[in-house]
Amino acid sequence: MRILTALILLTFLIVGCTEESKTVKLSFKYKTGMTLEYKQVSKRYTKVIKTDSTYKKDSNESTAIIKQNILEVVNDSTFKINEVDTWYYMQQNKDDSTQYDSVTYSREMDLLVLQNGKIIDFEFKNTEEKTTAYMKNYYEQGLPVFPSVEVNPGYSWTQTTSVVLPSETMKASTTYTIKSFVRELGYDCAIIEYTGTLLIPIEPKKGDETQRSGLDRIQTNGMIYFAYIDGIVIKQTEKWQTDGERIQIINGEWERYKFISNYDVNFILTKAEGLK
């Protein structure tokens with residue numbers, strides 16, 4: 001019995017040492033012609049508060065299909081990607097609040113992405129996207145840029161971004177931690193946990209007579225399963241808690257209100273072609 005116990009203990013020690021001492025390089029390894037498809041399920045609860053009273057409540061659940069086509073590998077370190085996102089959700093009928101309509105919305109864009117995950121440029125293709133500034137801030141603040149060194153469980157890094165507002169400059173930061181290496185959906189993955197704060201300004205849209213503006217303070221936390229051999233994201237879960245401030249012109253007068261939102265996202269790879 002003692003021999004068996006010793007052998008079991010030794011096995012755990014060996015596995016533990018192997019896990020801690022193993023290091024991997026995190027980098028995207030896209031290839032020209034590679035296609036990836038993801039399914040994203042999102043749940044959102046929102047509340048609008050005016051003069052300390054709840055003015056409006058809403059909840060929404062949507063499913064999105066995200067298709068990425070790797071168009072070109074530039075200089076072995078930059079990838080040009082075409083992405084088409086299609087959302088499916090139910091929306092309250094404008095004429096009859098007891099009825100809901102099925103809605104489909106699609107968006108297409110081209111992105112330039114570095115090997116470390118940093119998005120250096122993007123362009124919407126099929127529409128004049130009104131949230132370009134918001135997306136740019138999210139890409140800069142909310143997406144991980146992988147470290148240049150090899151990592152192991154316990155390794156962490158923090159990304160900090162300066163956010164310039166009309167009256168001040170603030171700092172947004174997110175900390176990422178390698179929790180473990182696992183086998184997930186047939187891939188060798190690094191689990192990356194993260195938590196942070198995003199600060200995203202709301203800028204007035206061209207042609208919007210209300211001149212709506214403000215600031216979203218977003219507390220975010222989540223977990224990414226990154227397949228380090230294949231260089232792609234396999235799965236991701238994320239939670240957002242948004243505390244937003246808004247000001248806009250209503251009936252000729254400026255009015256302030258708060259926008260509060262809880263947002264849960266589950267994102268998973270459903271198809272991958274051209275990996276090998």
Side-chain angles (χ1 to χ4, degrees), residues 23-42 63-88 104-151 157 159 161 174 176 178 184-192 194 198 200 222-236 238 265-276:
T23 63
V24 302
K25 185 73 164 61
L26 301 178
S27 64
F28 286 92
K29 300 175 183 176
Y30 296 134
K31 301 177 179 65
T32 301
M34 179 189 293
T35 58
L36 304 170
E37 185 172 308
Y38 297 89
K39 180 180 180 181
Q40 177 178 296
V41 178
S42 308
T63 298
I65 303 300
I66 298 168
K67 298 181 179 180
Q68 295 180 339
N69 180 24
I70 315 307
L71 301 177
E72 184 181 359
V73 178
V74 183
N75 299 327
D76 296 327
S77 61
T78 306
F79 310 103
K80 185 175 182 180
I81 302 173
N82 175 262
E83 179 175 306
V84 178
D85 308 329
T86 305
W87 285 270
Y88 305 89
T104 300
Y105 169 72
S106 184
R107 179 182 68 193
E108 181 180 359
M109 57 183 168
D110 284 345
L111 304 102
L112 278 179
V113 184
L114 297 180
Q115 205 169 33
N116 63 6
K118 183 179 179 63
I119 294 177
I120 57 175
D121 195 16
F122 70 97
E123 177 187 0
F124 291 101
K125 303 295 290 183
N126 60 338
T127 182
E128 184 181 348
E129 182 60 50
K130 296 180 180 180
T131 57
T132 300
Y134 199 99
M135 291 286 291
K136 182 177 184 294
N137 275 287
Y138 170 69
Y139 284 153
E140 290 178 348
Q141 298 179 36
L143 298 183
V145 176
F146 294 144
S148 58
V149 298
E150 292 194 347
V151 301
W157 72 99
Q159 293 175 200
T161 305
T174 300
Y176 300 88
I178 308 299
E184 184 75 15
L185 300 178
Y187 296 87
D188 292 321
C189 295
I191 297 180
I192 308 168
Y194 59 94
L198 313 183
I200 304 186
M223 186 179 297
I224 300 169
Y225 288 74
F226 186 78
Y228 50 84
I229 295 175
D230 299 277
I232 59 173
V233 173
I234 299 302
K235 188 168 71 171
Q236 182 173 358
E238 184 169 71
V265 181
N266 288 282
F267 178 85
I268 190 167
L269 180 71
T270 55
K271 186 185 298 183
E273 298 178 352
L275 267 64
K276 303 299 183 183

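All figures in this text were calculated on a predicted structure; none of them were measured in a lab.
By the 4.5 Å heavy-atom criterion applied to side chains, Phe146 and Trp157 are counted as neighbours. With a 4.5 Å cut-off on side-chain heavy atoms, Ile268 and Leu185 count as touching. Between Met34 and Leu275 there is a side-chain heavy-atom pair separated by less than 4.5 Å. Under the 4.5 Å side-chain criterion, counting only non-hydrogen atoms from C-beta, Ile192 is in contact with Ile178. Here the side chains of Asp85 and Tyr105 are not in contact, with every heavy-atom distance at 4.5 Å or above. Side-chain contact check for Asp110 versus Lys80: some heavy-atom pair is nearer than 4.5 Å. Between Ile191 and Tyr225, the closest side-chain pair of non-hydrogen atoms falls below 4.5 Å.
Checked against Asn69 for a side chain to side chain contact (heavy atoms under 4.5 Å, CB included), the options Ile81, Thr35, Leu36 give a single hit: Thr35.
Scanning all heavy atoms of the two residues, the minimum distance from Glu108 to Asn82 falls at OE2-ND2, 2.9 Å. Taking both residues in full, the closest heavy atoms of Lys118 and Asn116 are given as N-OD1, 3.1 Å, listed atom of the first, atom of the second, then distance. In plain terms, the two heavy atoms of Arg107 and Phe124 that are nearest each other are CD-CE2, 3.2 Å.
Listed for the Gln159 side chain is a donor-acceptor partner under 3.5 Å among the backbone atoms of Leu143.
Residues satisfying the salt bridge (Lys or Arg N to Asp or Glu O under 4.0 Å) criterion with Lys235, sequence neighbours excluded, are Glu184.
Between Phe122 and Tyr139, the ring centre distance stays below 6.0 Å. A ring-centre distance under 6.0 Å is found for Phe28 and Phe226.
Under the 3.5 Å distance criterion, with hydrogens and angles disregarded, no donor-acceptor pair is assigned to the side chains of Tyr228 and Glu150.
Atom CG of residue Leu111 and atom OG1 of residue Thr78 lie 12.5 Å apart, to the nearest 0.5 angstrom. The line from SG of Cys189 to CD1 of Ile232 is 8.5 Å long, rounded to the nearest 0.5 Å.
Within a 6.0 Å sphere centred on NZ of Lys271, heavy atoms belonging to other residues, nucleotides or ligands number 12 at most. Annotation: Lys67, atom NZ; neighbour count of heavy atoms from other residues, nucleotides and ligands within 6.0 Å does not exceed 12. Atom NZ of Lys31 has more than 12 neighbouring heavy atoms from other residues, nucleotides or ligands inside a 6.0 Å radius.
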